[in-house]
Structures are given as C-alpha cells and as structure tokens.
**Student:** 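My questions all concern the structure below.
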Amino acid sequence: MSFPLAGQRFEVDYGDLVASNAYAEEGRSLTYEITGGALTGNSATVAFEWRHLFGGTYAISWQEADGSTVVHIDDFEAGRSLAFFTTPDAQFFRLEGSLKPLGPVHQN
C-alpha cells in the first residue's frame, strides 16, 4: 500500500526550523528542504516508512545519509506535527509545530 499523501508537499514550522516535505508519487521517498532557521538550504531525498495511527495521523520515519534519525507524528487533519530526531553525535531534539499543505509535488 502506498502512502495516502503521496504526491503532496507540506510545510512544517517548528519556530526555529521550517521545512517542506515533498512525498514522491511512488509513496516510498520524500524530499525535505530546510527553508527557515540555522539549517536553511539543507535538503535531501530519503526513503521513508509510515504507519497510519488514527484519523489523519501518521508516524513517518527515515534515516539521513549522515546517520541522523527522524520520526514525525503528523496530524494532517489538525495541522500539527511532532518531530523527534537524533544527530550523528547523539544529540536528541523534540519539536512541535504547525503542518500545512503546499499542494502537489510538481508545483512550486
């Protein structure tokens, strides 16, 4: 089964970090781009896994090329995102913020 939001882009805004997540139409990879904060300009395409939790809420996880791990609990209906990530040097971060649709992947 493919990710139900495949082909869509979303913005997460955690205050000190803003990013867009574009879920590829094949539903197995996403491209993230940091658009606000200290890491602005960082982007990559990564394979991700997802699990439906309830309603419009999904657990989404991936590992980045540098070894960082990322887990989102995204409620697409309520427009809220929780993110948990660990850096290669074992720093652990918890973020909470808004989630909004940006439209189909093929649009800018």
Side-chain angles (χ1 to χ4, degrees):
M1 181 174 178
S2 183
F3 184 55
L5 297 161
Q8 298 295 310
R9 292 174 55 237
F10 296 87
E11 179 185 81
V12 290
D13 184 344
Y14 303 117
D16 291 340
L17 183 130
V18 180
S20 67
N21 292 330
Y23 297 96
E25 291 189 17
E26 37 79 347
R28 293 181 305 276
S29 67
L30 71 87
T31 300
Y32 68 84
E33 180 181 358
I34 309 299
T35 58
L39 300 174
T40 296
N42 287 353
S43 66
T45 299
V46 295
F48 75 98
E49 292 192 15
W50 63 276
R51 298 291 182 273
H52 180 243
L53 299 177
F54 57 88
T57 303
Y58 295 84
I60 302 164
S61 63
W62 66 89
Q63 186 167 25
E64 298 178 0
D66 67 2
S68 298
T69 59
V70 181
V71 177
H72 279 217
I73 306 298
D74 287 346
D75 183 339
F76 292 92
E77 289 177 356
R80 299 299 299 164
S81 176
L82 301 173
F84 307 90
F85 70 93
T86 303
T87 64
D89 61 355
Q91 294 182 68
F92 182 61
F93 296 89
R94 298 169 184 93
L95 305 171
E96 182 174 359
S98 63
L99 173 68
K100 70 177 183 182
L102 295 175
V105 168
H106 61 277
Q107 291 183 348
N108 290 327

**Student:** Are Phe54 and Ile73 in one and the same hydrophobic cluster, where Ile, Leu, Val, Met, Phe, Trp and Tyr link if side-chain heavy atoms are under 4.5 Å apart?
**Tutor:**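 Yes.
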**Student:** Report yes if some heavy atom in the side chain of Tyr23 is under 4.5 Å from a heavy atom in the side chain of Ile60; otherwise report no.
**Tutor:** yes
**Student:** Specify whether Trp62 and Tyr32 have parallel, tilted or perpendicular ring planes, treating 30° as the upper limit for parallel and 60° as the lower limit for perpendicular.
**Tutor:**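 Parallel.
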**Student:** Do Phe76 and Pro101 have side-chain heavy atoms sitting under 4.5 Å apart?
**Tutor:** no
**Student:** Taking all atoms of both residues into account, what is the closest heavy-atom pair of Pro88 and Asp66, and its distance?
**Tutor:**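 Between these two residues, the closest heavy atoms are CG-O, 3.1 Å.
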**Student:** Looking at every heavy atom in both Ser2 and Gly27, which two are closest together, and how far apart are they?
**Tutor:**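 Shortest heavy-atom separation between Ser2 and Gly27 comes out as OG-CA, 3.6 Å.
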**Student:** Should Asp74 and Phe10 be marked as a side-chain contact (heavy atoms from CB on, under 4.5 Å) after you check the CA-CA gap, both sets of side-chain angles, and the distance that decides it?
**Tutor:** CA-CA 10 Å; Asp74 287 346; Phe10 296 87; over 6 Å; no
**Student:** Rounded to the nearest 0.5 Å, how far apart are CD1 of Ile34 and CG of Leu17?
**Tutor:** 4.5 Å
**Student:** Is the count of non-hydrogen atoms from other residues, nucleotides or ligands lying under 6.0 Å from Glu25 atom CD greater than 12?
**Tutor:**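 No, because the 6.0 Å sphere around CD of Glu25 holds 12 heavy atoms or fewer from other groups.
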**Student:** Linking I/L/V/M/F/W/Y whenever any side-chain heavy atoms sit under 4.5 Å apart, do Leu39 and Val46 land together?
**Tutor:** yes
**Student:** What I'd like to find out is whether the side chain of Leu99 reaches to under 4.5 Å of the side chain of His72, using heavy atoms alone.
**Tutor:** no
**Student:** What are the two closest heavy atoms between Glu33 and Ser43, and how far apart are they?
**Tutor:** CA-CB, 3.9 Å
**Student:** Stepwise, does the side-chain contact (heavy atoms from CB on, under 4.5 Å) test hold for Ser98 with Arg80?
**Tutor:** CA-CA 5 Å; Ser98 63; Arg80 299 299 299 164; 4.2 Å; yes
**Student:** Taking all heavy atoms of Thr40 and all of Thr35, pick out the closest pair and write down the distance.
**Tutor:** OG1-C, 3.8 Å
**Student:** Taking everything shown except Asp16 itself, do over 12 heavy atoms lie less than 6.0 Å from its CG?
**Tutor:**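 No, the 6.0 Å shell around CG holds no more than 12 heavy atoms from other groups.
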**Student:** Should the heavy atoms of other residues, nucleotides or ligands under 6.0 Å from CD of Gln63 be counted, would the total exceed 12?
**Tutor:**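 Check passes, neighbour count above 12.
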**Student:** Would you mind reporting whether Phe3 and Leu30 have side-chain heavy atoms less than 4.5 Å apart?
**Tutor:**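 SC-SC contact between Leu30 and Phe3 ruled out.
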**Student:** Using the six-membered ring wherever Trp is involved, compare the ring planes of Tyr58 and His52 and label them parallel, tilted or perpendicular (cut-offs 30° and 60°).
**Tutor:** tilted
**Student:** Please check if Phe93 and Val18 belong to a single hydrophobic cluster, counting links between Ile, Leu, Val, Met, Phe, Trp and Tyr side chain heavy atoms closer than 4.5 Å.
**Tutor:** no
**Student:** Kindly determine whether Arg94 and Leu82 satisfy side-chain contact (heavy atoms from CB on, under 4.5 Å), including the steps that lead there.
**Tutor:** CA-CA 7 Å; Arg94 298 169 184 93; Leu82 301 173; over 6 Å; no
**Student:** Could you check whether any side-chain heavy atom of Phe85 comes within less than 4.5 Å of a side-chain heavy atom of Glu64, counting everything from C-beta outward?
**Tutor:**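 SC-SC contact between Phe85 and Glu64 ruled out.
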**Student:** With heavy-atom distances below 4.5 Å as the criterion, would you say the side chains of Phe48 and Val70 are in contact?
**Tutor:**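 SC-SC contact between Phe48 and Val70 ruled out.
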